[in-house]
Protein chains: 2
Amino acid sequence: MTEQPAQTTTAGDPATARGEQTRQLIRDTAMRLFRERGYAQTTMRAIAQEAGVAVGNAYYYFGSKDHLIQEFYAQSQVEHRAAAQPVLDREEAFGPRLAGVLHAGIDVLTPSHGFAATFFKTAAEPTSPLSPFSAESSGPRQAAIELFGEVLTGSTAKIDAELRPQLPELLWLAYMGVILYWVHDRSPGQTKTRQLIDGAVPLIDRLVALSRLRVLRPVTRQVLDLIRTLRH
Amino acid sequence: MTEQPAQTTTAGDPATARGEQTRQLIRDTAMRLFRERGYAQTTMRAIAQEAGVAVGNAYYYFGSKDHLIQEFYAQSQVEHRAAAQPVLDREEAFGPRLAGVLHAGIDVLTPSHGFAATFFKTAAEPTSPLSPFSAESSGPRQAAIELFGEVLTGSTAKIDAELRPQLPELLWLAYMGVILYWVHDRSPGQTKTRQLIDGAVPLIDRLVALSRLRVLRPVTRQVLDLIRTLRH
DNA sequence: ACCCCTTCTTGAACATGTTCAACAATCGCC
DNA sequence: GGCGATTGTTGAACATGTTCAAGAAGGGGT
(Lines give C-alpha, C1' and ligand atoms only; values in the text may rest on other atoms or scores of the structure.)
Protein backbone atom coordinates (compact mmCIF):
# COMPACT_ATOMS: atom_id res chain seq x y z
CA MET A 1 0.00 0.00 0.00
CA THR A 2 2.73 2.41 0.92
CA GLU A 3 5.69 2.99 -1.35
CA GLN A 4 8.03 0.65 0.37
CA PRO A 5 11.55 2.03 0.77
CA ALA A 6 14.32 -0.01 -0.83
CA GLN A 7 14.96 -2.13 2.20
CA THR A 8 16.07 -5.32 0.57
CA THR A 9 18.74 -6.65 2.83
CA THR A 10 21.41 -5.38 0.44
CA ALA A 11 23.85 -8.11 1.41
CA GLY A 12 26.67 -6.27 -0.26
CA ASP A 13 26.14 -3.19 1.84
CA PRO A 14 27.50 -4.11 5.24
CA ALA A 15 24.95 -2.76 7.65
CA THR A 16 27.38 -2.40 10.49
CA ALA A 17 25.07 -2.71 13.44
CA ARG A 18 22.32 -5.27 13.57
CA GLY A 19 19.52 -2.76 13.85
CA GLU A 20 20.53 -0.57 10.93
CA GLN A 21 17.59 -1.80 8.91
CA THR A 22 15.15 -0.98 11.66
CA ARG A 23 16.68 2.44 12.04
CA GLN A 24 16.18 3.26 8.39
CA LEU A 25 12.68 1.84 8.41
CA ILE A 26 11.67 4.06 11.28
CA ARG A 27 13.33 7.07 9.73
CA ASP A 28 11.70 6.60 6.34
CA THR A 29 8.31 6.01 7.88
CA ALA A 30 8.64 9.14 9.97
CA MET A 31 9.67 11.25 6.98
CA ARG A 32 6.74 9.97 4.99
CA LEU A 33 4.24 10.68 7.73
CA PHE A 34 5.69 14.12 8.36
CA ARG A 35 5.15 14.97 4.72
CA GLU A 36 1.68 13.44 4.66
CA ARG A 37 0.30 14.80 7.91
CA GLY A 38 2.67 17.44 9.17
CA TYR A 39 4.98 17.28 12.14
CA ALA A 40 2.64 17.98 15.04
CA GLN A 41 -0.06 15.69 13.62
CA THR A 42 2.32 12.76 13.39
CA THR A 43 2.40 10.93 16.70
CA MET A 44 5.20 8.67 17.78
CA ARG A 45 2.61 5.94 18.14
CA ALA A 46 1.60 6.39 14.54
CA ILE A 47 5.19 6.20 13.37
CA ALA A 48 5.80 3.05 15.37
CA GLN A 49 2.60 1.43 14.20
CA GLU A 50 3.18 2.21 10.52
CA ALA A 51 6.73 0.96 10.81
CA GLY A 52 5.52 -2.16 12.59
CA VAL A 53 7.63 -1.71 15.71
CA ALA A 54 7.02 -0.80 19.31
CA VAL A 55 7.04 2.82 20.41
CA GLY A 56 10.03 2.29 22.64
CA ASN A 57 11.99 0.97 19.71
CA ALA A 58 11.86 4.32 17.98
CA TYR A 59 13.34 5.83 21.12
CA TYR A 60 16.15 3.30 21.01
CA TYR A 61 17.34 4.84 17.76
CA PHE A 62 16.21 8.42 18.12
CA GLY A 63 16.44 10.17 21.46
CA SER A 64 13.27 12.15 20.90
CA LYS A 65 10.74 13.12 18.30
CA ASP A 66 12.80 16.22 17.65
CA HIS A 67 15.82 14.10 16.84
CA LEU A 68 13.96 12.73 13.86
CA ILE A 69 14.12 16.22 12.45
CA GLN A 70 17.86 16.02 12.30
CA GLU A 71 17.45 13.25 9.77
CA PHE A 72 15.43 15.64 7.67
CA TYR A 73 18.17 18.24 7.87
CA ALA A 74 20.88 15.83 6.91
CA GLN A 75 18.83 14.54 4.01
CA SER A 76 18.04 18.06 2.81
CA GLN A 77 21.68 19.05 2.96
CA VAL A 78 22.68 16.16 0.73
CA GLU A 79 19.93 16.98 -1.73
CA HIS A 80 20.96 20.62 -1.70
CA ARG A 81 24.51 19.70 -2.54
CA ALA A 82 23.34 17.56 -5.44
CA ALA A 83 20.95 20.18 -6.74
CA ALA A 84 23.68 22.79 -6.64
CA GLN A 85 26.14 20.76 -8.70
CA PRO A 86 24.81 21.75 -12.15
CA VAL A 87 24.98 25.40 -11.18
CA LEU A 88 28.55 25.08 -10.00
CA ASP A 89 29.45 23.33 -13.22
CA ARG A 90 27.70 25.84 -15.43
CA GLU A 91 28.23 29.28 -13.91
CA GLU A 92 31.49 31.12 -13.49
CA ALA A 93 30.57 34.55 -12.20
CA PHE A 94 30.09 35.00 -8.47
CA GLY A 95 26.58 36.42 -8.63
CA PRO A 96 24.95 33.68 -10.71
CA ARG A 97 26.76 30.99 -8.74
CA LEU A 98 25.51 32.35 -5.43
CA ALA A 99 21.99 32.89 -6.75
CA GLY A 100 21.93 29.40 -8.21
CA VAL A 101 23.02 27.76 -5.00
CA LEU A 102 20.51 29.73 -2.94
CA HIS A 103 17.71 28.87 -5.34
CA ALA A 104 18.76 25.23 -5.28
CA GLY A 105 18.43 25.22 -1.51
CA ILE A 106 14.91 26.58 -1.66
CA ASP A 107 14.08 24.19 -4.51
CA VAL A 108 14.93 21.27 -2.29
CA LEU A 109 12.94 22.57 0.66
CA THR A 110 9.88 23.74 -1.24
CA PRO A 111 7.95 20.43 -1.21
CA SER A 112 8.23 20.48 2.57
CA HIS A 113 7.28 24.07 3.15
CA GLY A 114 4.05 23.18 4.86
CA PHE A 115 5.54 21.10 7.58
CA ALA A 116 9.14 22.24 7.57
CA ALA A 117 7.99 25.65 8.66
CA THR A 118 6.19 24.12 11.59
CA PHE A 119 9.20 22.55 13.10
CA PHE A 120 11.92 24.95 12.17
CA LYS A 121 11.15 26.50 15.51
CA THR A 122 12.95 23.65 17.18
CA ALA A 123 16.06 24.82 15.43
CA ALA A 124 15.72 28.21 17.03
CA GLU A 125 16.12 26.93 20.56
CA PRO A 126 19.71 27.53 21.58
CA THR A 127 19.84 24.63 24.01
CA SER A 128 18.54 22.24 21.40
CA PRO A 129 21.00 19.99 19.61
CA LEU A 130 19.02 20.89 16.51
CA SER A 131 20.15 24.47 16.43
CA PRO A 132 22.19 25.09 13.30
CA PHE A 133 24.76 26.67 15.59
CA SER A 134 25.00 23.73 17.97
CA ALA A 135 27.92 21.37 18.27
CA GLU A 136 25.80 18.38 17.32
CA SER A 137 24.95 19.78 13.94
CA SER A 138 28.46 20.96 13.22
CA GLY A 139 28.81 18.20 10.64
CA PRO A 140 26.00 19.30 8.35
CA ARG A 141 26.87 22.92 9.05
CA GLN A 142 30.45 22.43 7.91
CA ALA A 143 29.19 20.72 4.79
CA ALA A 144 26.86 23.62 4.08
CA ILE A 145 29.58 26.19 4.63
CA GLU A 146 31.83 24.18 2.39
CA LEU A 147 29.21 24.43 -0.34
CA PHE A 148 29.45 28.22 -0.19
CA GLY A 149 33.20 27.85 -0.21
CA GLU A 150 32.82 26.17 -3.59
CA VAL A 151 30.74 29.07 -4.79
CA LEU A 152 33.86 31.16 -4.30
CA THR A 153 36.48 28.64 -5.36
CA GLY A 154 35.09 28.28 -8.85
CA SER A 155 34.27 31.94 -9.19
CA THR A 156 36.11 34.44 -11.31
CA ALA A 157 35.42 37.27 -8.87
CA LYS A 158 38.27 39.15 -7.25
CA ILE A 159 37.81 39.22 -3.54
CA ASP A 160 39.50 41.12 -0.77
CA ALA A 161 42.16 38.88 0.77
CA GLU A 162 41.09 39.60 4.30
CA LEU A 163 37.44 39.04 3.59
CA ARG A 164 37.94 35.88 1.60
CA PRO A 165 38.41 33.36 4.44
CA GLN A 166 35.38 34.67 6.32
CA LEU A 167 33.12 34.83 3.31
CA PRO A 168 31.89 31.22 3.09
CA GLU A 169 30.55 31.38 6.62
CA LEU A 170 29.03 34.79 6.00
CA LEU A 171 27.26 33.50 2.90
CA TRP A 172 25.98 30.55 4.89
CA LEU A 173 24.66 33.02 7.44
CA ALA A 174 22.92 34.90 4.67
CA TYR A 175 21.44 31.59 3.54
CA MET A 176 20.11 31.05 7.06
CA GLY A 177 18.49 34.45 6.75
CA VAL A 178 16.89 33.44 3.48
CA ILE A 179 15.53 30.31 5.12
CA LEU A 180 14.18 32.31 8.02
CA TYR A 181 12.36 34.50 5.52
CA TRP A 182 11.18 31.48 3.57
CA VAL A 183 9.74 29.90 6.69
CA HIS A 184 7.62 32.98 7.26
CA ASP A 185 6.83 33.46 3.58
CA ARG A 186 3.13 33.02 2.96
CA SER A 187 3.11 34.22 -0.62
CA PRO A 188 1.90 31.55 -3.08
CA GLY A 189 4.77 29.30 -4.05
CA GLN A 190 6.98 31.42 -1.80
CA THR A 191 7.55 33.82 -4.65
CA LYS A 192 8.71 36.48 -2.25
CA THR A 193 11.63 34.38 -1.17
CA ARG A 194 12.72 34.10 -4.79
CA GLN A 195 12.51 37.86 -5.08
CA LEU A 196 14.57 38.19 -1.94
CA ILE A 197 17.30 36.06 -3.44
CA ASP A 198 17.25 37.83 -6.77
CA GLY A 199 17.27 41.20 -5.07
CA ALA A 200 19.87 40.46 -2.44
CA VAL A 201 22.46 38.67 -4.56
CA PRO A 202 23.36 41.72 -6.71
CA LEU A 203 23.70 43.72 -3.51
CA ILE A 204 26.00 41.16 -1.96
CA ASP A 205 27.91 40.97 -5.20
CA ARG A 206 28.40 44.73 -5.28
CA LEU A 207 29.28 44.82 -1.60
CA VAL A 208 31.94 42.18 -2.01
CA ALA A 209 33.41 44.08 -4.95
CA LEU A 210 33.35 47.36 -3.04
CA SER A 211 35.18 45.87 -0.10
CA ARG A 212 38.41 46.06 -2.09
CA LEU A 213 38.26 49.82 -2.51
CA ARG A 214 40.88 51.67 -0.52
CA VAL A 215 38.37 54.13 0.94
CA LEU A 216 36.25 51.35 2.31
CA ARG A 217 39.12 49.36 3.77
CA PRO A 218 38.65 50.71 7.29
CA VAL A 219 35.00 49.77 7.24
CA THR A 220 35.74 46.33 5.89
CA ARG A 221 38.33 45.78 8.58
CA GLN A 222 35.99 47.07 11.27
CA VAL A 223 33.32 44.64 10.18
CA LEU A 224 35.71 41.72 10.06
CA ASP A 225 37.13 42.56 13.48
CA LEU A 226 33.66 42.60 14.93
CA ILE A 227 32.84 39.25 13.41
CA ARG A 228 36.04 37.71 14.68
CA THR A 229 35.32 39.04 18.16
CA LEU A 230 31.83 37.64 18.18
CA ARG A 231 32.76 34.18 17.10
CA HIS A 232 34.44 32.80 20.20
CA MET B 1 4.50 32.05 52.03
CA THR B 2 4.67 33.45 48.53
CA GLU B 3 5.11 37.15 47.97
CA GLN B 4 1.52 37.99 47.35
CA PRO B 5 0.97 40.30 44.40
CA ALA B 6 -0.84 43.54 45.13
CA GLN B 7 -4.27 42.12 44.62
CA THR B 8 -6.26 44.33 46.93
CA THR B 9 -9.48 44.89 45.11
CA THR B 10 -8.32 48.37 44.07
CA ALA B 11 -11.82 49.72 44.10
CA GLY B 12 -10.72 52.85 42.29
CA ASP B 13 -9.26 50.86 39.42
CA PRO B 14 -12.30 49.59 37.53
CA ALA B 15 -11.34 46.03 36.74
CA THR B 16 -13.64 45.77 33.75
CA ALA B 17 -14.29 42.08 33.69
CA ARG B 18 -15.05 40.13 36.79
CA GLY B 19 -12.17 37.77 36.43
CA GLU B 20 -9.51 40.39 35.93
CA GLN B 21 -8.09 39.66 39.36
CA THR B 22 -7.84 35.97 38.70
CA ARG B 23 -6.22 36.65 35.36
CA GLN B 24 -3.48 38.73 36.93
CA LEU B 25 -3.01 36.26 39.73
CA ILE B 26 -2.44 33.44 37.28
CA ARG B 27 -0.18 35.58 35.15
CA ASP B 28 1.95 36.74 38.06
CA THR B 29 2.23 33.24 39.46
CA ALA B 30 3.27 31.91 36.09
CA MET B 31 5.91 34.62 35.64
CA ARG B 32 7.32 33.92 39.08
CA LEU B 33 7.51 30.19 38.50
CA PHE B 34 9.05 30.66 35.06
CA ARG B 35 11.80 32.73 36.63
CA GLU B 36 12.26 30.33 39.51
CA ARG B 37 12.17 27.03 37.66
CA GLY B 38 12.39 27.77 33.97
CA TYR B 39 9.70 27.41 31.36
CA ALA B 40 9.75 23.68 30.63
CA GLN B 41 10.01 22.80 34.32
CA THR B 42 6.94 24.82 35.19
CA THR B 43 3.84 22.71 34.70
CA MET B 44 0.37 24.08 34.23
CA ARG B 45 -0.64 22.08 37.28
CA ALA B 46 2.02 23.81 39.35
CA ILE B 47 0.89 27.22 38.17
CA ALA B 48 -2.71 26.42 38.98
CA GLN B 49 -1.86 24.99 42.36
CA GLU B 50 0.36 27.89 43.38
CA ALA B 51 -2.27 30.33 42.22
CA GLY B 52 -4.93 28.37 44.08
CA VAL B 53 -7.16 27.76 41.07
CA ALA B 54 -8.09 24.80 38.94
CA VAL B 55 -6.05 23.88 35.90
CA GLY B 56 -8.92 24.56 33.57
CA ASN B 57 -9.22 28.05 34.92
CA ALA B 58 -5.84 29.00 33.58
CA TYR B 59 -7.01 27.83 30.18
CA TYR B 60 -10.04 30.06 30.48
CA TYR B 61 -7.76 33.09 30.43
CA PHE B 62 -4.82 31.83 28.41
CA GLY B 63 -5.41 29.64 25.42
CA SER B 64 -2.27 27.62 26.03
CA LYS B 65 0.91 27.54 28.03
CA ASP B 66 2.58 29.35 25.17
CA HIS B 67 0.13 32.18 25.44
CA LEU B 68 1.48 32.94 28.88
CA ILE B 69 4.69 33.89 27.13
CA GLN B 70 2.94 36.72 25.40
CA GLU B 71 2.43 38.28 28.79
CA PHE B 72 6.14 38.15 29.29
CA TYR B 73 6.70 39.89 25.97
CA ALA B 74 4.22 42.63 26.72
CA GLN B 75 5.70 43.18 30.15
CA SER B 76 9.23 43.29 28.77
CA GLN B 77 8.23 45.80 26.14
CA VAL B 78 6.82 48.16 28.74
CA GLU B 79 9.94 47.82 30.87
CA HIS B 80 12.10 48.43 27.82
CA ARG B 81 10.27 51.60 27.04
CA ALA B 82 10.72 52.82 30.61
CA ALA B 83 14.39 51.87 30.73
CA ALA B 84 15.00 53.70 27.47
CA GLN B 85 13.49 56.98 28.62
CA PRO B 86 16.59 58.35 30.43
CA VAL B 87 18.67 57.66 27.34
CA LEU B 88 16.21 59.45 25.09
CA ASP B 89 16.19 62.40 27.48
CA ARG B 90 19.95 62.55 27.80
CA GLU B 91 21.44 61.77 24.40
CA GLU B 92 21.07 63.78 21.24
CA ALA B 93 23.31 62.09 18.69
CA PHE B 94 21.93 59.17 16.74
CA GLY B 95 24.64 56.65 17.67
CA PRO B 96 24.44 57.02 21.45
CA ARG B 97 20.67 57.08 21.33
CA LEU B 98 20.52 53.83 19.38
CA ALA B 99 23.18 52.16 21.51
CA GLY B 100 21.41 53.25 24.68
CA VAL B 101 18.08 51.89 23.58
CA LEU B 102 19.56 48.59 22.49
CA HIS B 103 21.45 48.22 25.75
CA ALA B 104 18.30 49.08 27.67
CA GLY B 105 16.49 46.26 25.90
CA ILE B 106 19.14 43.76 26.89
CA ASP B 107 19.24 45.19 30.41
CA VAL B 108 15.58 44.40 30.82
CA LEU B 109 15.92 40.89 29.46
CA THR B 110 19.13 39.92 31.23
CA PRO B 111 17.57 38.63 34.47
CA SER B 112 15.52 36.24 32.35
CA HIS B 113 18.27 35.00 30.09
CA GLY B 114 18.19 31.53 31.53
CA PHE B 115 14.61 30.81 30.77
CA ALA B 116 13.81 33.39 28.14
CA ALA B 117 16.26 31.67 25.83
CA THR B 118 14.44 28.41 26.31
CA PHE B 119 11.15 29.65 25.06
CA PHE B 120 12.14 32.16 22.46
CA LYS B 121 11.88 29.26 20.10
CA THR B 122 8.14 29.52 20.26
CA ALA B 123 8.50 32.93 18.75
CA ALA B 124 10.29 31.44 15.78
CA GLU B 125 7.36 29.36 14.66
CA PRO B 126 5.64 31.24 11.86
CA THR B 127 2.21 29.80 12.55
CA SER B 128 2.40 30.74 16.18
CA PRO B 129 0.61 33.86 17.33
CA LEU B 130 3.75 34.49 19.33
CA SER B 131 5.89 35.22 16.34
CA PRO B 132 7.05 38.83 16.46
CA PHE B 133 5.85 39.07 12.86
CA SER B 134 2.37 37.73 13.53
CA ALA B 135 -0.81 39.74 13.47
CA GLU B 136 -1.54 38.96 17.11
CA SER B 137 1.62 40.60 18.34
CA SER B 138 1.26 43.61 16.08
CA GLY B 139 0.43 45.74 19.10
CA PRO B 140 3.68 45.21 20.98
CA ARG B 141 5.56 45.22 17.69
CA GLN B 142 4.19 48.62 16.76
CA ALA B 143 5.12 49.92 20.18
CA ALA B 144 8.65 48.62 19.77
CA ILE B 145 9.00 50.13 16.31
CA GLU B 146 7.67 53.37 17.68
CA LEU B 147 10.45 53.33 20.26
CA PHE B 148 13.02 53.26 17.48
CA GLY B 149 11.07 56.01 15.80
CA GLU B 150 11.77 58.12 18.86
CA VAL B 151 15.43 57.32 18.58
CA LEU B 152 15.29 59.17 15.27
CA THR B 153 12.83 61.90 16.20
CA GLY B 154 14.98 63.30 18.94
CA SER B 155 18.19 62.80 17.06
CA THR B 156 20.29 65.50 15.45
CA ALA B 157 21.38 63.21 12.63
CA LYS B 158 20.62 64.11 9.05
CA ILE B 159 18.96 61.22 7.34
CA ASP B 160 18.16 60.48 3.74
CA ALA B 161 14.55 61.44 3.11
CA GLU B 162 13.72 58.22 1.35
CA LEU B 163 15.32 56.06 4.00
CA ARG B 164 13.84 57.91 6.91
CA PRO B 165 10.33 56.41 6.94
CA GLN B 166 11.67 52.87 6.66
CA LEU B 167 14.36 53.27 9.26
CA PRO B 168 12.42 52.66 12.47
CA GLU B 169 11.31 49.26 11.25
CA LEU B 170 14.80 48.45 10.02
CA LEU B 171 16.26 49.35 13.40
CA TRP B 172 13.66 47.16 15.08
CA LEU B 173 14.71 44.35 12.76
CA ALA B 174 18.31 44.92 13.80
CA TYR B 175 17.16 44.74 17.40
CA MET B 176 15.54 41.38 16.66
CA GLY B 177 18.90 40.29 15.32
CA VAL B 178 20.58 41.41 18.53
CA ILE B 179 18.07 39.42 20.54
CA LEU B 180 18.64 36.36 18.37
CA TYR B 181 22.34 36.67 19.10
CA TRP B 182 21.67 37.26 22.79
CA VAL B 183 19.57 34.15 23.01
CA HIS B 184 22.46 32.07 21.73
CA ASP B 185 25.07 34.02 23.68
CA ARG B 186 26.74 31.76 26.23
CA SER B 187 29.49 34.17 27.25
CA PRO B 188 29.35 35.07 30.97
CA GLY B 189 26.93 37.93 31.51
CA GLN B 190 26.30 37.89 27.77
CA THR B 191 29.28 40.17 27.28
CA LYS B 192 29.43 39.27 23.63
CA THR B 193 26.03 40.74 22.99
CA ARG B 194 27.22 44.01 24.49
CA GLN B 195 30.19 43.93 22.16
CA LEU B 196 27.87 43.26 19.25
CA ILE B 197 25.86 46.36 20.08
CA ASP B 198 28.92 48.55 20.59
CA GLY B 199 30.46 47.26 17.39
CA ALA B 200 27.40 47.38 15.20
CA VAL B 201 26.02 50.77 16.18
CA PRO B 202 28.93 52.79 14.73
CA LEU B 203 28.59 50.78 11.54
CA ILE B 204 24.90 51.48 11.32
CA ASP B 205 25.58 55.11 12.11
CA ARG B 206 28.11 55.38 9.33
CA LEU B 207 25.90 53.49 6.93
CA VAL B 208 22.98 55.79 7.57
CA ALA B 209 25.21 58.80 7.02
CA LEU B 210 26.64 57.35 3.81
CA SER B 211 23.20 56.69 2.40
CA ARG B 212 22.92 60.41 1.61
CA LEU B 213 25.93 60.45 -0.69
CA ARG B 214 25.04 60.92 -4.32
CA VAL B 215 27.22 58.02 -5.46
CA LEU B 216 25.45 55.62 -3.16
CA ARG B 217 21.97 56.79 -4.02
CA PRO B 218 21.34 53.98 -6.52
CA VAL B 219 22.31 51.38 -3.95
CA THR B 220 20.17 52.97 -1.28
CA ARG B 221 17.24 53.04 -3.61
CA GLN B 222 17.83 49.45 -4.67
CA VAL B 223 17.82 48.32 -1.06
CA LEU B 224 14.70 50.27 -0.23
CA ASP B 225 12.89 48.94 -3.28
CA LEU B 226 13.73 45.40 -2.27
CA ILE B 227 12.47 45.96 1.24
CA ARG B 228 9.25 47.49 -0.01
CA THR B 229 8.73 44.53 -2.32
CA LEU B 230 9.27 42.01 0.42
CA ARG B 231 6.92 43.56 2.90
CA HIS B 232 3.54 42.65 1.46
C1' DA C 1 26.39 -27.49 23.01
C1' DC C 2 26.74 -24.23 26.69
C1' DC C 3 27.01 -19.79 28.87
C1' DC C 4 27.66 -14.92 29.14
C1' DC C 5 27.46 -10.45 27.22
C1' DT C 6 25.96 -7.02 24.10
C1' DT C 7 22.39 -5.48 21.25
C1' DC C 8 17.77 -4.97 20.33
C1' DT C 9 12.65 -4.98 21.27
C1' DT C 10 8.54 -4.67 23.89
C1' DG C 11 4.53 -2.43 25.99
C1' DA C 12 2.81 -0.81 30.12
C1' DA C 13 3.43 3.14 33.14
C1' DC C 14 4.28 7.98 33.73
C1' DA C 15 4.22 13.20 33.06
C1' DT C 16 2.11 16.90 31.28
C1' DG C 17 -0.49 19.98 27.97
C1' DT C 18 -5.29 20.38 26.73
C1' DT C 19 -10.41 19.73 26.50
C1' DC C 20 -15.02 19.64 28.13
C1' DA C 21 -19.36 18.86 30.34
C1' DA C 22 -21.07 20.18 34.47
C1' DC C 23 -21.68 23.48 38.04
C1' DA C 24 -21.28 28.10 40.53
C1' DA C 25 -21.28 33.00 40.75
C1' DT C 26 -22.57 37.28 39.11
C1' DC C 27 -25.09 40.61 36.32
C1' DG C 28 -28.90 42.88 33.82
C1' DC C 29 -33.44 43.52 33.79
C1' DC C 30 -38.19 43.54 35.15
C1' DG D 1 -36.29 40.24 44.90
C1' DG D 2 -36.56 36.88 41.26
C1' DC D 3 -34.85 34.91 36.86
C1' DG D 4 -32.65 34.10 32.59
C1' DA D 5 -28.10 35.05 30.46
C1' DT D 6 -23.37 35.77 30.78
C1' DT D 7 -19.18 34.94 32.90
C1' DG D 8 -16.23 32.29 35.66
C1' DT D 9 -14.60 27.77 37.82
C1' DT D 10 -13.96 22.96 38.51
C1' DG D 11 -11.63 18.50 38.01
C1' DA D 12 -11.79 14.36 35.71
C1' DA D 13 -10.76 12.52 31.18
C1' DC D 14 -7.98 12.51 27.11
C1' DA D 15 -3.79 12.70 23.89
C1' DT D 16 0.77 12.24 23.35
C1' DG D 17 5.90 12.48 24.26
C1' DT D 18 8.97 9.80 27.10
C1' DT D 19 10.89 6.27 30.36
C1' DC D 20 12.06 1.81 31.98
C1' DA D 21 12.21 -2.81 33.71
C1' DA D 22 11.82 -6.95 31.60
C1' DG D 23 12.82 -10.06 28.24
C1' DA D 24 14.27 -11.83 23.35
C1' DA D 25 17.79 -12.36 19.92
C1' DG D 26 22.20 -12.89 18.42
C1' DG D 27 27.45 -13.45 18.83
C1' DG D 28 31.67 -15.16 20.63
C1' DG D 29 34.57 -17.85 23.39
C1' DT D 30 35.28 -22.43 25.53
Side-chain angles (χ1 to χ4, degrees), chain A residues 7 9 11 14-31 33-34 36-72 115 118-119 121-122 125 127-130, chain B residues 7 9 11 14-31 33-34 36-72 115 118-119 121-122 125 127-130:
Chain A
Q7 44 163 319
T9 21
T16 345
R18 268 191 284 147
E20 190 58 25
Q21 255 180 245
T22 313
R23 183 193 182 86
Q24 284 180 26
L25 174 60
I26 292 171
R27 191 200 58 175
D28 291 344
T29 307
M31 291 302 119
L33 292 184
F34 285 167
E36 286 176 11
R37 316 180 180 178
Y39 180 69
Q41 284 69 44
T42 303
T43 73
M44 290 300 283
R45 284 169 180 77
I47 295 171
Q49 188 176 341
E50 288 269 317
V53 299
V55 191
N57 204 3
Y59 281 91
Y60 182 79
Y61 292 104
F62 305 95
S64 73
K65 189 181 176 186
D66 283 354
H67 276 75
L68 280 164
I69 296 177
Q70 243 168 350
E71 299 295 310
F72 176 81
F115 82 106
T118 321
F119 72 47
K121 63 162 182 178
T122 330
E125 183 173 8
T127 61
S128 163
L130 295 172
Chain B
Q7 44 163 321
T9 22
T16 345
R18 270 189 284 144
E20 190 57 26
Q21 258 179 242
T22 312
R23 184 193 181 87
Q24 285 180 25
L25 173 60
I26 292 172
R27 190 199 59 174
D28 291 345
T29 308
M31 290 302 119
L33 291 185
F34 285 168
E36 286 177 10
R37 315 178 180 179
Y39 180 69
Q41 284 69 43
T42 303
T43 72
M44 290 301 282
R45 285 169 179 78
I47 295 172
Q49 189 177 340
E50 288 269 317
V53 300
V55 191
N57 204 3
Y59 281 92
Y60 181 77
Y61 292 104
F62 305 95
S64 73
K65 189 182 176 187
D66 283 355
H67 276 74
L68 279 164
I69 296 176
Q70 240 168 351
E71 299 295 310
F72 177 82
F115 82 105
T118 322
F119 71 48
K121 64 163 182 177
T122 330
E125 183 173 9
T127 61
S128 162
L130 294 173

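Quick note: numbers below take in every heavy atom, side chains included, and nothing from hydrogens, waters or symmetry partners. In what follows, every chain begins at residue 1, and chains take the letters A, B, ... in the order their sequences are listed.
- A close approach under 4.0 Å does occur between a side-chain nitrogen or oxygen of B/Tyr60 and OP1 or OP2 of D/dG8.
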Sugar-phosphate means primed atoms, P, OP1 and OP2; the rest is base. With that split, encode nucleotides 13-22 of chain C 5' to 3' as B, S or - using protein heavy atoms under 4.0 Å.
B--BBBB---
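- Among the atoms of the strands shown, only primed sugar atoms or phosphate atoms (P, OP1, OP2) are found under 4.0 Å from some heavy atom of A/Tyr61.
- Nearest to the side chain of A/Ala54, among C/dC8, C/dT10, D/dG8, sits C/dT10.
- When the side chain to side chain donor-acceptor pair (under 3.5 Å) test is applied to B/Thr43, no partner is found at least two apart in sequence or on another chain.
- Shown here are the side chain to side chain contact (heavy atoms under 4.5 Å, CB included) partners of A/Tyr59, two or more places apart in sequence or in another chain: A/Met44, A/Val55.
- Qualifying side chain to side chain contact (heavy atoms under 4.5 Å, CB included) partners for A/Arg27, counting only residues two or more places apart in sequence or in other chains: A/Phe62, A/Glu71.
- Separation of atoms CG (B/Asp28) and CD1 (B/Ile47) is listed at 12.0 Å; rounding is to 0.5 Å.
- A heavy-atom distance below 4.5 Å is not found between the side chains of B/Tyr60 and B/Thr22.
- The distance from atom CD of B/Gln49 to atom C1' of D/dT9 is 17 Å, rounded to the nearest whole Å.
- To the nearest 0.5 Å, atoms CD (B/Gln49) and OG1 (B/Thr29) are separated by 11.5 Å.
- Aromatic ring centres of A/Phe72 and A/Phe115: separated by under 6.0 Å.
- For the pair A/Ala58 and A/Ile26, the tightest heavy-atom approach, listed with the atom from each and the gap, is CA-CD1, 3.9 Å.
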Would you tabulate the nitrogen or oxygen pairs shorter than 3.5 Å linking the protein to nucleotides 25-27 of chain C?
{"from": "C/dT26", "atom 1": "O4'", "to": "B/Arg18", "atom 2": "NH1", "distance (Å)": "3.1"}

